[in-house]
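What follows is a single structure, written as structure tokens, with notes after it.
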Amino acid sequence: MHQYVLGVYDFLERMIERYPDMLIEGCSGGGGRFDAGMLYYTPQIWGSDDTDAIERIIIQHGTSFGYPISAVDSHVSASPIRTKYISWFR
């Protein structure tokens, strides 16, 4: 896993060198790619795919203890999210 992360950093470094004006937004991937190193390359990171308004408050609040809130990107939807409770595998 460590080599993978170093490879991602290397890829992003080369992208930024080649396209210095490009803004890259990161994705948490379940929290697996939300780390301080990624903030160097992606100044905004999608903190979670969960858009439920009440749950986002909890996610944003908790994330703010370790990261600047300006770095945590999100969308908010109605609460509760109806689609969360639909079984797609009926």
Is any side-chain heavy atom of D50 closer than 4.5 Å to one of E55? yes
Is the shortest heavy-atom distance from the side chain of M15 to the side chain of Y41 under 4.5 Å? no
What is the distance from atom OH of Y67 to atom CE of M38, rounded to the nearest 0.5 Å? 10.5 Å
Nearest 0.5 angstrom please: T42 OG1 to E25 CD, how far? 8.5 Å
Distance check, rounded to the nearest 0.5 Å: L12 atom CG versus M22 atom CE? 8.0 Å
Taking all atoms of both residues into account, what is the closest heavy-atom pair of D35 and I45, and its distance? O-CD1, 4.4 Å
Starting from L39, can I reach V5 by hopping between I/L/V/M/F/W/Y residues whose side chains sit under 4.5 Å apart? yes
Please answer: with hydrophobic residues joined when any side-chain heavy atoms are less than 4.5 Å apart, are I24 and Y19 in the same cluster? yes
Side-chain heavy-atom pair R14, Y9 within 4.5 angstrom cut-off: no
Below 4.5 Å, heavy atoms only, C-beta onward: do V72 and Q60 meet side chain to side chain? yes
Quick one: are H61 and I59 in side-chain contact, heavy atoms under 4.5 Å? no
NZ/NE/NH1/NH2 to OD/OE distance under 4.0 Å, R56 and D52: no
